[in-house]
Enquirer: 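Could you have a look at this structure, given as C-alpha coordinates, before my questions?
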Amino acid sequence: MRRCAAVVTLLLGCLMGLLAGCATGPSLETRGRVTAAPRDSGHLTVGSAGFTESDLLAQMYALLLNRAGYKTSIITVANRELYEPALESGQIDVVPEYAATFADWLNARVHGPDAPPVGSPDLDATMKALRALAAPRGLTVLDPGRAVDQNAFAVSGAYAREHRLRTLSDLGRSGLRVRLAAGDECVRRPYCAPGLRKVYGIDVIGVDPKGVGTTQAKRSVQSGRNQMVLTTTTDATLDAFGLVLLADDRHLQNADYIVPVVSRSRAGGTRVAQALGALNSVLTTQDLASMNQQVDSWRRLPQDVARTYLKDKGLLK
(Lines give C-alpha, C1' and ligand atoms only; values in the text may rest on other atoms or scores of the structure.)
Protein backbone atom coordinates (compact mmCIF):
# COMPACT_ATOMS: atom_id res chain seq x y z
CA MET A 1 0.00 0.00 0.00
CA ARG A 2 1.48 3.27 -1.08
CA ARG A 3 1.49 6.17 1.36
CA CYS A 4 2.89 9.65 0.77
CA ALA A 5 5.45 10.89 3.29
CA ALA A 6 4.58 14.20 4.88
CA VAL A 7 7.48 16.64 4.89
CA VAL A 8 7.85 18.86 7.93
CA THR A 9 10.53 21.53 8.23
CA LEU A 10 11.33 22.50 11.81
CA LEU A 11 12.22 26.00 12.88
CA LEU A 12 15.63 25.93 14.46
CA GLY A 13 14.65 27.78 17.59
CA CYS A 14 11.68 25.53 18.32
CA LEU A 15 13.71 22.37 17.90
CA MET A 16 16.53 23.71 20.02
CA GLY A 17 14.05 24.18 22.81
CA LEU A 18 12.58 20.72 22.42
CA LEU A 19 15.99 19.08 22.45
CA ALA A 20 17.68 21.12 25.16
CA GLY A 21 17.19 18.38 27.71
CA CYS A 22 18.80 15.63 25.63
CA ALA A 23 21.75 17.36 23.99
CA THR A 24 24.37 15.76 26.18
CA GLY A 25 23.22 12.14 26.05
CA PRO A 26 20.45 9.94 27.45
CA SER A 27 18.63 11.54 30.38
CA LEU A 28 16.88 9.78 33.23
CA GLU A 29 13.64 10.13 31.29
CA THR A 30 15.00 8.58 28.08
CA ARG A 31 17.33 5.98 29.56
CA GLY A 32 14.62 3.33 29.22
CA ARG A 33 14.75 3.70 25.46
CA VAL A 34 18.47 2.91 25.51
CA THR A 35 18.11 -0.34 27.40
CA ALA A 36 14.78 -1.48 25.93
CA ALA A 37 14.54 -4.46 23.60
CA PRO A 38 14.42 -3.62 19.88
CA ARG A 39 10.90 -2.71 18.81
CA ASP A 40 8.98 -1.42 15.83
CA SER A 41 6.61 1.52 15.92
CA GLY A 42 3.83 1.58 13.38
CA HIS A 43 4.58 5.21 12.46
CA LEU A 44 8.22 6.09 11.81
CA THR A 45 9.71 9.56 11.44
CA VAL A 46 12.57 9.73 8.94
CA GLY A 47 15.07 12.55 9.38
CA SER A 48 16.83 14.51 6.65
CA ALA A 49 19.73 16.92 7.16
CA GLY A 50 18.25 19.23 4.53
CA PHE A 51 20.75 18.94 1.66
CA THR A 52 19.85 17.24 -1.61
CA GLU A 53 21.45 13.86 -1.03
CA SER A 54 20.06 13.54 2.49
CA ASP A 55 16.61 14.50 1.17
CA LEU A 56 16.84 11.80 -1.52
CA LEU A 57 17.94 9.12 0.92
CA ALA A 58 15.21 10.08 3.40
CA GLN A 59 12.61 9.86 0.63
CA MET A 60 13.88 6.42 -0.43
CA TYR A 61 13.88 5.22 3.17
CA ALA A 62 10.31 6.43 3.66
CA LEU A 63 9.10 4.78 0.46
CA LEU A 64 10.74 1.46 1.33
CA LEU A 65 9.27 1.59 4.83
CA ASN A 66 5.85 2.41 3.36
CA ARG A 67 6.13 -0.67 1.19
CA ALA A 68 6.94 -2.73 4.29
CA GLY A 69 3.71 -1.55 5.93
CA TYR A 70 4.81 1.46 8.00
CA LYS A 71 3.29 4.91 8.04
CA THR A 72 6.04 7.51 7.69
CA SER A 73 6.69 11.21 7.93
CA ILE A 74 9.83 13.08 6.96
CA ILE A 75 11.30 15.82 9.10
CA THR A 76 14.09 18.17 8.02
CA VAL A 77 16.65 19.14 10.66
CA ALA A 78 19.53 21.44 9.83
CA ASN A 79 22.48 19.51 11.25
CA ARG A 80 23.72 16.54 13.24
CA GLU A 81 23.98 18.54 16.45
CA LEU A 82 20.18 18.66 16.43
CA TYR A 83 19.00 15.45 14.82
CA GLU A 84 21.22 13.03 16.76
CA PRO A 85 19.71 14.04 20.11
CA ALA A 86 16.29 13.78 18.44
CA LEU A 87 17.12 10.17 17.56
CA GLU A 88 18.01 9.47 21.19
CA SER A 89 14.83 11.08 22.47
CA GLY A 90 12.52 9.28 20.03
CA GLN A 91 11.50 12.37 18.06
CA ILE A 92 13.21 10.92 14.97
CA ASP A 93 13.35 7.17 14.25
CA VAL A 94 15.55 6.80 11.17
CA VAL A 95 18.24 8.93 9.50
CA PRO A 96 20.68 8.35 6.65
CA GLU A 97 24.22 8.80 7.92
CA TYR A 98 27.85 8.59 6.78
CA ALA A 99 29.80 5.95 8.69
CA ALA A 100 33.18 7.55 9.33
CA THR A 101 31.88 11.07 9.89
CA PHE A 102 29.20 9.91 12.31
CA ALA A 103 31.67 7.68 14.17
CA ASP A 104 34.06 10.58 14.70
CA TRP A 105 31.23 12.89 15.70
CA LEU A 106 29.94 10.49 18.35
CA ASN A 107 33.49 9.81 19.50
CA ALA A 108 34.07 13.53 20.06
CA ARG A 109 30.85 13.78 22.06
CA VAL A 110 31.81 10.85 24.27
CA HIS A 111 35.55 11.41 24.66
CA GLY A 112 35.96 15.11 23.95
CA PRO A 113 36.89 17.16 20.87
CA ASP A 114 40.56 16.19 21.08
CA ALA A 115 39.91 12.44 21.06
CA PRO A 116 41.80 10.53 18.34
CA PRO A 117 39.51 9.83 15.37
CA VAL A 118 37.95 6.39 15.06
CA GLY A 119 36.73 6.79 11.47
CA SER A 120 39.13 5.59 8.79
CA PRO A 121 39.20 4.27 5.22
CA ASP A 122 38.81 0.78 6.77
CA LEU A 123 35.05 0.20 6.66
CA ASP A 124 35.04 -2.78 9.05
CA ALA A 125 37.03 -0.93 11.70
CA THR A 126 34.89 2.18 11.26
CA MET A 127 31.63 0.23 11.59
CA LYS A 128 32.87 -1.58 14.68
CA ALA A 129 33.78 1.69 16.37
CA LEU A 130 30.55 3.36 15.24
CA ARG A 131 28.31 0.61 16.57
CA ALA A 132 30.14 0.56 19.89
CA LEU A 133 29.56 4.31 20.26
CA ALA A 134 25.96 4.25 19.05
CA ALA A 135 24.62 1.34 21.12
CA PRO A 136 24.87 3.02 24.56
CA ARG A 137 22.85 5.93 23.16
CA GLY A 138 19.98 3.67 22.13
CA LEU A 139 20.93 3.74 18.44
CA THR A 140 21.38 0.86 16.02
CA VAL A 141 23.55 1.24 12.92
CA LEU A 142 22.32 -0.94 10.06
CA ASP A 143 24.57 -2.48 7.42
CA PRO A 144 26.20 -0.22 4.82
CA GLY A 145 25.75 -0.76 1.12
CA ARG A 146 28.05 0.09 -1.79
CA ALA A 147 27.32 3.81 -1.97
CA VAL A 148 29.98 6.05 -0.50
CA ASP A 149 30.26 9.80 -0.33
CA GLN A 150 33.04 12.05 0.87
CA ASN A 151 33.22 15.67 1.79
CA ALA A 152 35.12 17.68 -0.80
CA PHE A 153 36.21 21.27 -1.39
CA ALA A 154 35.75 23.22 -4.59
CA VAL A 155 36.99 26.57 -5.89
CA SER A 156 36.16 28.46 -9.05
CA GLY A 157 37.95 27.30 -12.17
CA ALA A 158 39.29 30.82 -12.72
CA TYR A 159 40.67 30.96 -9.17
CA ALA A 160 42.32 27.55 -9.60
CA ARG A 161 43.94 28.60 -12.89
CA GLU A 162 45.10 31.96 -11.56
CA HIS A 163 46.84 30.42 -8.57
CA ARG A 164 47.78 27.08 -10.17
CA LEU A 165 45.74 25.02 -7.74
CA ARG A 166 45.02 21.34 -8.24
CA THR A 167 45.17 20.03 -4.69
CA LEU A 168 44.41 21.26 -1.19
CA SER A 169 48.16 21.13 -0.55
CA ASP A 170 48.63 23.62 -3.38
CA LEU A 171 46.17 25.95 -1.67
CA GLY A 172 47.98 25.59 1.65
CA ARG A 173 51.35 26.39 0.07
CA SER A 174 49.90 29.41 -1.73
CA GLY A 175 49.35 31.34 1.51
CA LEU A 176 46.03 32.63 0.17
CA ARG A 177 43.42 33.75 2.68
CA VAL A 178 40.29 31.66 2.23
CA ARG A 179 36.73 32.31 3.29
CA LEU A 180 34.80 29.03 3.19
CA ALA A 181 31.11 28.57 2.36
CA ALA A 182 29.89 25.62 4.44
CA GLY A 183 27.53 24.58 7.21
CA ASP A 184 27.84 26.46 10.48
CA GLU A 185 29.18 23.31 12.18
CA CYS A 186 32.27 23.52 9.92
CA VAL A 187 34.00 25.83 12.39
CA ARG A 188 34.51 22.93 14.81
CA ARG A 189 34.31 19.73 12.74
CA PRO A 190 37.80 18.16 12.42
CA TYR A 191 37.35 17.34 8.72
CA CYS A 192 36.37 20.90 7.91
CA ALA A 193 37.96 24.25 8.88
CA PRO A 194 40.14 22.84 11.72
CA GLY A 195 41.40 20.04 9.46
CA LEU A 196 42.11 22.36 6.55
CA ARG A 197 44.27 24.47 8.86
CA LYS A 198 46.01 21.58 10.64
CA VAL A 199 46.54 19.11 7.78
CA TYR A 200 47.04 21.52 4.88
CA GLY A 201 48.05 24.80 6.49
CA ILE A 202 45.24 26.63 4.68
CA ASP A 203 44.56 30.09 6.04
CA VAL A 204 40.80 29.77 6.62
CA ILE A 205 39.79 33.24 7.79
CA GLY A 206 36.11 32.48 8.27
CA VAL A 207 33.14 30.22 7.55
CA ASP A 208 30.14 31.66 5.74
CA PRO A 209 27.21 29.48 6.96
CA LYS A 210 25.45 28.81 3.67
CA GLY A 211 25.15 25.02 4.03
CA VAL A 212 26.91 22.03 2.50
CA GLY A 213 26.93 22.18 -1.28
CA THR A 214 23.85 24.40 -1.50
CA THR A 215 23.14 26.53 -4.55
CA GLN A 216 23.62 29.62 -2.38
CA ALA A 217 27.03 28.39 -1.20
CA LYS A 218 28.25 27.58 -4.71
CA ARG A 219 27.04 30.88 -6.09
CA SER A 220 28.96 32.69 -3.38
CA VAL A 221 32.18 31.11 -4.67
CA GLN A 222 31.22 31.65 -8.29
CA SER A 223 30.75 35.37 -7.56
CA GLY A 224 34.00 35.66 -5.56
CA ARG A 225 32.31 36.46 -2.24
CA ASN A 226 33.89 33.28 -0.87
CA GLN A 227 36.93 31.43 -2.19
CA MET A 228 35.98 27.82 -1.46
CA VAL A 229 32.87 25.72 -0.81
CA LEU A 230 32.36 22.53 1.16
CA THR A 231 30.48 20.07 -1.03
CA THR A 232 30.65 16.33 -1.73
CA THR A 233 32.21 14.00 -4.25
CA THR A 234 28.71 13.15 -5.54
CA ASP A 235 27.93 16.78 -6.41
CA ALA A 236 27.02 16.69 -10.09
CA THR A 237 26.43 20.46 -10.47
CA LEU A 238 29.94 21.89 -10.12
CA ASP A 239 30.41 22.46 -13.84
CA ALA A 240 27.26 24.55 -13.97
CA PHE A 241 28.79 26.96 -11.45
CA GLY A 242 32.26 26.93 -13.00
CA LEU A 243 33.70 25.15 -9.97
CA VAL A 244 36.38 22.46 -9.71
CA LEU A 245 37.30 20.12 -6.88
CA LEU A 246 40.73 20.34 -5.23
CA ALA A 247 42.17 16.89 -4.61
CA ASP A 248 42.34 15.74 -0.99
CA ASP A 249 45.94 14.59 -1.49
CA ARG A 250 46.72 14.17 2.24
CA HIS A 251 43.53 12.21 2.92
CA LEU A 252 41.80 14.48 5.36
CA GLN A 253 38.51 12.79 4.49
CA ASN A 254 37.53 9.20 5.17
CA ALA A 255 35.50 7.03 2.82
CA ASP A 256 32.00 7.58 4.18
CA TYR A 257 29.67 4.68 3.41
CA ILE A 258 25.99 5.47 3.71
CA VAL A 259 24.33 3.72 6.63
CA PRO A 260 20.84 3.97 8.11
CA VAL A 261 20.85 4.79 11.83
CA VAL A 262 17.70 3.92 13.75
CA SER A 263 16.26 4.38 17.21
CA ARG A 264 16.52 0.95 18.82
CA SER A 265 13.34 1.35 20.86
CA ARG A 266 11.17 2.45 17.91
CA ALA A 267 12.76 1.10 14.74
CA GLY A 268 15.12 -1.62 15.93
CA GLY A 269 13.22 -4.64 14.66
CA THR A 270 14.15 -6.89 11.76
CA ARG A 271 11.41 -5.55 9.46
CA VAL A 272 13.00 -2.10 9.34
CA ALA A 273 16.46 -3.58 8.71
CA GLN A 274 15.11 -5.76 5.89
CA ALA A 275 13.17 -2.92 4.29
CA LEU A 276 16.13 -0.52 4.24
CA GLY A 277 18.63 -3.28 3.45
CA ALA A 278 16.98 -3.75 0.06
CA LEU A 279 18.71 -0.55 -1.04
CA ASN A 280 22.18 -1.92 -0.30
CA SER A 281 22.31 -4.28 -3.25
CA VAL A 282 21.46 -1.60 -5.84
CA LEU A 283 22.49 1.90 -4.74
CA THR A 284 25.91 3.04 -5.98
CA THR A 285 27.91 6.24 -5.65
CA GLN A 286 27.26 6.95 -9.33
CA ASP A 287 23.52 6.50 -8.78
CA LEU A 288 23.62 9.10 -6.03
CA ALA A 289 25.49 11.58 -8.21
CA SER A 290 22.94 11.09 -10.98
CA MET A 291 20.00 11.62 -8.63
CA ASN A 292 21.64 14.68 -7.10
CA GLN A 293 22.00 16.12 -10.60
CA GLN A 294 18.33 15.50 -11.40
CA VAL A 295 17.31 17.51 -8.33
CA ASP A 296 19.97 20.23 -8.41
CA SER A 297 20.28 20.80 -12.16
CA TRP A 298 17.04 19.53 -13.64
CA ARG A 299 14.87 20.87 -10.80
CA ARG A 300 13.05 17.60 -10.20
CA LEU A 301 11.54 16.99 -6.78
CA PRO A 302 13.49 14.62 -4.49
CA GLN A 303 10.39 12.50 -3.86
CA ASP A 304 9.83 12.04 -7.62
CA VAL A 305 13.46 11.16 -8.29
CA ALA A 306 13.52 8.71 -5.37
CA ARG A 307 10.31 6.98 -6.45
CA THR A 308 11.45 6.66 -10.07
CA TYR A 309 14.79 5.20 -9.01
CA LEU A 310 13.22 2.60 -6.73
CA LYS A 311 10.74 1.60 -9.44
CA ASP A 312 13.53 1.29 -12.00
CA LYS A 313 15.43 -0.99 -9.62
CA GLY A 314 12.37 -3.16 -8.95
CA LEU A 315 12.04 -2.10 -5.32
CA LEU A 316 8.66 -0.40 -5.82
CA LYS A 317 5.72 -1.26 -8.04
Side-chain angles (χ1 to χ4, degrees), residues 9 12 48-56 76 78-81 98 101 149-254 256 285 288-300 302:
T9 302
L12 183 62
S48 166
F51 57 93
T52 296
E53 188 168 288
S54 188
D55 288 343
L56 285 163
T76 300
N79 58 49
R80 192 175 285 113
E81 283 75 6
Y98 299 88
T101 296
D149 196 356
Q150 289 178 293
N151 292 294
F153 297 92
V155 299
S156 74
Y159 185 82
R161 290 189 295 273
E162 179 184 357
H163 300 290
R164 299 181 181 180
L165 306 177
R166 297 180 63 185
T167 68
L168 290 170
S169 289
D170 291 339
L171 182 56
R173 284 191 294 267
S174 74
L176 293 165
R177 304 178 78 198
V178 173
R179 185 169 172 84
L180 176 64
D184 54 5
E185 67 275 13
C186 177
V187 296
R188 56 187 175 276
R189 295 262 180 93
Y191 68 81
C192 203
L196 291 173
R197 294 186 183 105
K198 182 177 180 180
V199 175
Y200 288 104
I202 296 172
D203 186 8
V204 179
I205 61 172
V207 173
D208 189 359
K210 294 187 180 299
V212 179
T214 63
T215 297
Q216 183 184 24
K218 284 178 277 197
R219 281 179 176 163
S220 74
V221 175
Q222 183 184 36
S223 69
R225 172 183 172 86
N226 296 307
Q227 289 72 50
M228 189 160 66
V229 59
L230 170 63
T231 184
T232 66
T233 53
T234 58
D235 187 337
T237 70
L238 295 178
D239 285 348
F241 293 91
L243 305 181
V244 295
L245 291 178
L246 296 183
D248 180 21
D249 53 312
R250 295 185 185 172
H251 308 292
L252 173 61
Q253 310 297 332
N254 292 316
D256 267 322
T285 304
L288 273 178
S290 174
M291 285 190 280
N292 287 339
Q293 184 178 37
Q294 291 176 58
V295 175
D296 292 335
S297 296
W298 304 353
R299 302 304 182 198
R300 295 188 62 195

Enquirer: When rounded to the nearest 0.5 angstrom, what distance separates OG in Ser174 from CG in Leu165?
Expert: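 Going from the OG atom of Ser174 to the CG atom of Leu165 covers 5.5 Å.
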Enquirer: Using a 6.0 Å cut-off, check whether atom CZ of Arg166 has over 12 heavy atoms from anything other than its own residue.
Expert: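 No, CZ of Arg166 has 12 or fewer neighbouring heavy atoms, counting only those of other groups under 6.0 Å.
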Enquirer: Any donor and acceptor pair, going by atom type alone, linking the side chain of Thr237 with main-chain N or O of Ala240 inside 3.5 Å?
Expert: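 Not at all, since once roles are kept as given, no pair shorter than 3.5 Å links the two residues.
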Enquirer: I want to check something: taking the side chain as every heavy atom from C-beta on, are Val229 and Phe241 in contact at a cut-off of under 4.5 Å?
Expert: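 Sidechains of Phe241 and Val229: no contact.
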Enquirer: If you take all heavy atoms of Gly213 and Asp235, which pair is closest and at what distance?
Expert: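 Of all heavy-atom pairs spanning Gly213 and Asp235, the closest is O-OD2, 4.4 Å.
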Enquirer: Backbone N or O of Thr167 within a donor-acceptor pair of the Asp249 side chain at under 3.5 Å?
Expert: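 Not confirmed, Asp249 side chain does not pair with Thr167 backbone.
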Enquirer: Between CD of Gln150 and OG1 of Thr233, what distance do you get to the nearest 0.5 Å?
Expert: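 If we round to the nearest 0.5 Å, Gln150:CD and Thr233:OG1 are 5.0 Å apart.
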Enquirer: Taking atom OH of Tyr200 and atom CG of Asp248, what is their separation to the nearest 0.5 Å?
Expert: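 Nearest 0.5 Å value for the OH-CG distance: 3.5 Å.
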Enquirer: Can you tell me how far apart NZ (Lys218) and OG1 (Thr215) are? Round to the nearest 0.5 Å.
Expert: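 Rounded to the nearest 0.5 Å, the NZ-OG1 separation comes to 5.5 Å.
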Enquirer: So, for Asp184 and Pro209, which heavy atoms are closest and what is the spacing to 0.1 Å?
Expert: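 Where Asp184 meets Pro209 most closely, the heavy atoms are CB-CB, 3.9 Å.
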Enquirer: Give, for atom CG of Asp208 and atom CZ of Arg225, the distance between the pair rounded to the nearest 0.5 Å.
Expert: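 Rounded to the nearest 0.5 Å, the CG-CZ separation comes out at 5.0 Å.
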Enquirer: Return yes if some donor-acceptor pair links the side-chain N/O of Ser297 with the main-chain N/O of Gln294 below 3.5 Å, else return no.
Expert: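 No.
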Enquirer: Can you tell me how far the OG1 atom of Thr232 sits from the CG atom of Asn292, to the nearest 0.5 Å?
Expert: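 Separation between the atoms: 6.0 Å.
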Enquirer: Please determine which of Asn254, Thr101, Asp256 meets the side-chain contact (heavy atoms from CB on, under 4.5 Å) test together with Tyr191.
Expert: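 Exactly one option meets the side-chain contact (heavy atoms from CB on, under 4.5 Å) with Tyr191, and it is Thr101.
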Enquirer: Do the side chains of Val295 and Asp55 get nearer than 4.5 Å, heavy atoms only?
Expert: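 Side-chain contact under 4.5 Å: no.
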Enquirer: Taking the side chain as every heavy atom from C-beta outward, state whether Gln227 and His163 have any pair of such atoms under 4.5 Å apart.
Expert: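 They are not in side-chain contact.
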Enquirer: Tell me yes or no: between the side chains of Thr234 and Glu53, is some donor less than 3.5 Å from an acceptor?
Expert: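 Indeed, the side chains of Thr234 and Glu53 share at least one donor-acceptor pair under 3.5 Å.
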Enquirer: Donor-acceptor pair, distance only, cut-off 3.5 Å: does the side chain of Arg164 make one with the backbone of Arg161?
Expert: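 No, because the side chain of Arg164 does not come within donor-acceptor range (under 3.5 Å) of the backbone of Arg161.
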